[in-house]
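Structure record follows, encoded as structure tokens.
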Amino acid sequence: MAETTHAIRCEKITKIFGSVVANDQIDLDVRYGEILALLGENGSGKTTLMNMISGIYHPDGGTIYVDGKPASIQSPLDAQNLGIGMIHQHFKLVNIFSAMENIELGTPGKKLPRKILKQNVLELCEKYGLETDPEKPIHAMSVSEKQTVEILKVLYRGARILILDEPTAVLTPQETEKLFAILRQMRKIGCAVIIITHKLNEVLSISDRVAILRKGKSYGTVNTAEVDVSALTELMVGHAVTLEIDRPTPQEPQDILKLVDLTVRRNDGSIALDDINFTIRSGEILGVAGIAGSGQKELCETIAGLIAPSQGAILYKKENLAGKTPRELIDMGISMSFVPEDRLGMGLVAGMGMTDNMLLKSYTHNKGPFIDRAPSRALAESLIEKLGIVTSGVEAPVRLMSGGNVQKVLLGREIESNPHLLITAYPVRGLDINSSYQVYELLNEQKKKGVAVVYIGEDLDVLLQLCDRILVMCHGRITGIVDAKTITKEQIGLMMTGATAEEVMEYGK
């Protein structure tokens, strides 16, 4: 690693939202030529602190130094002028624009001719080891390609200090390694990189130092080479955590749903699910693995009644549910819960508090013209205590919560409806390790009750430990359904890229 100088130094940074102290006199330093991982539980103040460095929020106390000088960062433009760029967890791109149009968007001065702009983007790619087609529209890109454009955006504006918030949350293992190669090149050139992630193995792989936040306070910085996963977990949570996932044996599983020759088309006519056939059983966790965009989203939404298939059947006790709405499924007495990947879109209403978001699931049970909010409020208060949800109150808008706490609200609401079938899409995405293990325990509790659980995940290690069977998808087709106890991560990786289970097993002989 190159000789380092301080890029950013935070002294006694404090930020308060109402009655919640999000950051309490935080001290932090980041150096040029290093990658610093910022680690902490959900709600520990990581993103809030980074939002102040990037100009989205302004500190209520303390001082931020950039290149050794006190800096007043009142806006993202101020941060940009200081050489600071933040790549957010949710991309901020215009889908109909090309990569280079998004990169140039918002930059001051006269717009460049397309030929010169394209050449500038390609030179930037060569310098940092990035790959992109400058003329490719965003809507035609994979998640990894979109992330590359986001990185190019901040580099194009002259950023030397980069902040990445959960950058690997939606990436495959191969895409993650490609991103890490880019970050290592940035470190080599002399950039300062801050990465927020809950994946501890990634922290050990990519970072030079790790800064720990806990409940809004800083708990020091350690050299990555001197710690392991267990030590990081204990520093982050404050106590030792058993890093083992329980997998109870299914007790007499029975077929719940059978998908037969199911085909689903997207709005543009392309095939999302191509001739899908499999069975979901009670009392087991069926994992779903696949590269992002392989049809997982459409699979969930079709089973839940949000998308009508082009052909095929979803059989429940010999009755075809394909094409029926969620309300029709409820009226048939089919208790199904769906935890979507879009928490504040399909899952919860961002401007509502917990009480009203609980009501969205149960308001039809009310008798008479008036809605009784008391049961929903009691459920919200119960979930706060049971799941350790951090919020300023059950009536506070859920958009003010951290992403992990929002996920707990959504998952808790669905589980409390006592479903027969629970569909979960990336339920631990963005959650810290302690919260993730809480979710695994909740899913296992449902499994023990005989609930059929569909678990769509991106961490192959978790899929192998938690699930009973794993369904692997590639380009809308099933490449195999395998026993999680006997398959390997490498074999699943091959199936995710198109190899069938039979081919993988034959190759392994």
Side-chain angles (χ1 to χ4, degrees), residues 253-288 290 293-343 345-349 357-367 371 410-411 413-427 443 446-447 449-456 469 471 473 476-478 481:
Q254 303 293 320
D255 292 353
I256 293 289
L257 284 183
K258 187 174 183 180
L259 282 68
V260 182
D261 302 333
L262 199 71
T263 297
V264 174
R265 292 185 179 275
R266 300 185 180 91
N267 291 334
D268 61 4
S270 62
I271 294 178
L273 298 176
D274 189 1
D275 196 29
I276 295 293
N277 290 271
F278 70 94
T279 300
I280 301 172
R281 301 171 184 163
S282 64
E284 77 164 3
I285 299 179
L286 174 68
V288 179
S294 292
Q296 302 96 315
K297 180 176 183 288
E298 291 83 1
L299 178 64
C300 287
E301 294 179 4
T302 303
I303 296 172
L306 298 173
I307 297 178
S310 306
Q311 65 182 53
I314 303 173
L315 300 179
Y316 174 77
K317 296 181 179 178
K318 298 183 179 180
E319 183 164 4
N320 188 7
L321 307 182
K324 295 189 182 297
T325 66
R327 174 53 53 197
E328 289 173 324
L329 296 176
I330 292 171
D331 292 341
M332 291 173 62
I334 300 172
S335 180
M336 184 186 302
S337 287
F338 176 31
V339 180
E341 58 182 310
D342 183 3
R343 303 166 187 169
M346 292 178 62
L348 302 171
V349 178
N357 272 292
M358 297 301 116
L359 264 174
L360 292 177
K361 192 77 176 180
S362 61
Y363 72 94
T364 55
H365 301 162
N366 280 268
K367 296 179 180 179
I371 293 177
L410 177 55
L411 185 63
R413 183 189 71 182
E414 296 305 315
I415 285 176
E416 289 299 321
S417 67
N418 296 315
H420 298 136
L421 171 62
L422 176 62
I423 305 167
T424 61
Y426 311 105
L443 296 180
Q446 296 303 298
K447 174 182 174 180
K449 291 178 182 178
V451 176
V453 179
V454 178
Y455 179 93
I456 297 180
R469 294 183 297 149
L471 180 155
M473 301 186 69
R477 297 185 67 88
I478 296 175
I481 301 176

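What you see is a predicted model; the values in this text were computed from it and never measured.
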Sub-4.5 Å side-chain heavy-atom contact between L348 and R413: yes
Calculate, to the nearest 0.5 Å, the distance between atoms CD1 and NE2 belonging to I256 and H420 respectively. 7.5 Å
For the pair N320 (side chain) and I314 (backbone), establish whether a donor and an acceptor sit closer than 3.5 Å, ignoring hydrogens and angles. yes
Which of these passes side chain to side chain contact (heavy atoms under 4.5 Å, CB included) with L421: V454, V453, V451? V454
Check each of L259, I307, T263 against T302 using the side chain to side chain contact (heavy atoms under 4.5 Å, CB included) test, and report the only one that passes. I307
Taking only residues two or more places apart in sequence or in another chain, which ones pass salt bridge (charged side-chain N to carboxylate O under 4.0 Å, His left out) with R265? none
So which heavy atom on R281 is nearest to which on P253, and how close? CB-CB, 4.1 Å
Could you tell me if the side chain of L299 sits less than 4.5 Å from the side chain of F278, heavy atoms only? yes
Quick one: closest heavy-atom pair of G323 and A308, and the distance? CA-CB, 4.1 Å
Can you tell if the side chain of L422 reaches within under 4.5 Å of the side chain of L443, non-hydrogen atoms only? yes
Enter the distance from R469:CZ to I285:CD1 here, rounded to the nearest 0.5 Å. 12.0 Å
Restricting to non-hydrogen atoms, name the atom on P326 and the atom on L306 that form the minimum distance, rounded to 0.1 Å. CG-CD2, 3.7 Å
If I compare all heavy atoms of A322 with all of P309, which pair ends up nearest, and what's the gap? CB-CG, 3.6 Å
Considering all heavy atoms, the nearest G450-S282 contact: O-CB, 3.3 Å
Does some side-chain heavy atom of E416 sit less than 4.5 Å from a side-chain heavy atom of M358? no
May I have the list of side-chain donor-acceptor pairs in residues 269-276 shorter than 3.5 Å, sequence neighbours left out?
unit_1: S270; atom_1: OG; unit_2: R266; atom_2: NH1; d: 3.3
unit_1: S270; atom_1: OG; unit_2: D268; atom_2: OD1; d: 2.7
unit_1: D274; atom_1: OD1; unit_2: R477; atom_2: NH1; d: 3.4
unit_1: D274; atom_1: OD2; unit_2: R477; atom_2: NH1; d: 2.9

To the nearest 0.5 Å, atom CD of E284 lies from atom OG1 of T279 at 9.5 Å
Mind listing the closest non-hydrogen atom pair of E328 and K324 along with its distance? OE1-CA, 3.2 Å
Partners of D255 by side chain to side chain donor-acceptor pair (under 3.5 Å), sequence neighbours excluded? none
Side-chain donor or acceptor of N277 paired with backbone N/O of D261 under 3.5 Å: yes
